[in-house]
Amino acid sequence: MILIDGKKAAAELREELKHEVSSLKKKFNKVPGLTVILIGDLTPSQIYVRNKEKSANEVGLKSEVIRYPDTIEQKVVLEKIKELNKDDSVSGILVQLPLPKHIDKQKVIQTIDPSKDVDGFHPMNVGNLSSGYDSSIPCTPLGCYLLIKKTEPNLNGKKAVVVGRSNLNGKPMTQLLLKENCTVTITHSKTKDLKSECLKADIIVAAVGIPELVKGDWVKKETIVIDVGINKTEKGIVGDVDFDEVSKVAKALTPVPGGVGPMTIACLLKNTIDCFKRSQK
Ligand code: GUN
């Protein structure tokens, strides 16, 4: 079994991006900038944002975090986004989710200039991705895609099963696999006989948020399995895949942690650099 090392792949990608930032700096005499807006003090969000800032600095990006208390009025956030949209030193804007209940997530996402939307959540980017045009691609599915391609470069005609249909993961993942000429089945928590769907797959991407759902007898021995899940249980953090069982049968599998997670942040840096490059054209 190949244990897909996301930590190593992310470190390699960051190294590439570091070189790219330094050549962009020479060419344009400025570096791409990432601005993250963090509202409230949820611990996981604080940790994510700190890691994003640290990685951005590591590859030489300009990085800024704007923090607001969770009582902040929506209009203040929207005004700040509009200001960042106009700021030439800002290549990418990310508003950390989840947001407090009184703030309209859709409104926030749609206020970000699509050309600075490093999350790829703006309807314009969602539409461009589904039409096969150039766009920002959500960081987690992009990270999964790069890990799959590293393991199996030719995905032509492969049968992929995506477990989970979220806007964040399942849907964009489906688009990326379709672009690679996979035959994709989107499944979810209400799918009848998920096991028999998974048994047909050459590639499984599990992003449904159910701890250890995908079992060893759901997986063929040639299958590449990507585990997007991060679930807190009494035995610690586990993925959506039963690692002990599936690692005995699959061709390749990502661990949790150390699989998809590190790639997500590296892809955010990649998206920031890509937004900068498009803006210089
Ligand atoms: N919260 C958890 N994951 C993400 C993500 O990919 N983007 C944003 N903006 N917030 C998140």
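We're numbering straight along the sequence, starting at 1. We count ligands from 1, going down the list as the structure has it; atoms in each ligand are counted the same way.
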Below 3.5 Å, can you tabulate the donor-acceptor pairs from side chains in residues 246-266 to any protein atom, sequence neighbours excluded?
unit_1	atom_1	unit_2	atom_2	d
Ser247	OG	Phe243	O	2.7
Ser247	OG	Asp244	O	3.1
Lys248	NZ	Asp244	O	3.3
Thr254	OG1	Asp227	N	2.8
Thr264	OG1	Thr140	OG1	3.2
Thr264	OG1	Val260	O	3.4

Item checked: Hydrophobic cluster identity match, Ile224 and Met1, side-chain contacts under 4.5 Å -> no
Checklist line | Linked, directly or transitively: Leu178 and Val228 (ILVMFWY side chains, under 4.5 Å) | finding: yes
Margin query: Please determine whether residues Val36 and Val77 belong to a single hydrophobic cluster, defined as Ile, Leu, Val, Met, Phe, Trp and Tyr linked transitively by side-chain heavy-atom distances below 4.5 Å.
Written below: no
Notebook entry, point to check: Do Asn128 and Met124 touch side chain to side chain, with heavy atoms closer than 4.5 Å?
Noted result: yes
Next item on the list: Indicate if Val205 and Val184 have the same hydrophobic cluster label, given that clusters are the connected sets of ILVMFWY residues with side-chain heavy-atom separations under 4.5 angstrom.
Entry: yes
Note to self: Which protein residues come within less than 4.0 angstrom of ligand 1, counting heavy atoms only?
What the structure shows: Leu94, Val95, Gln96, Leu97, Asp119, Phe121
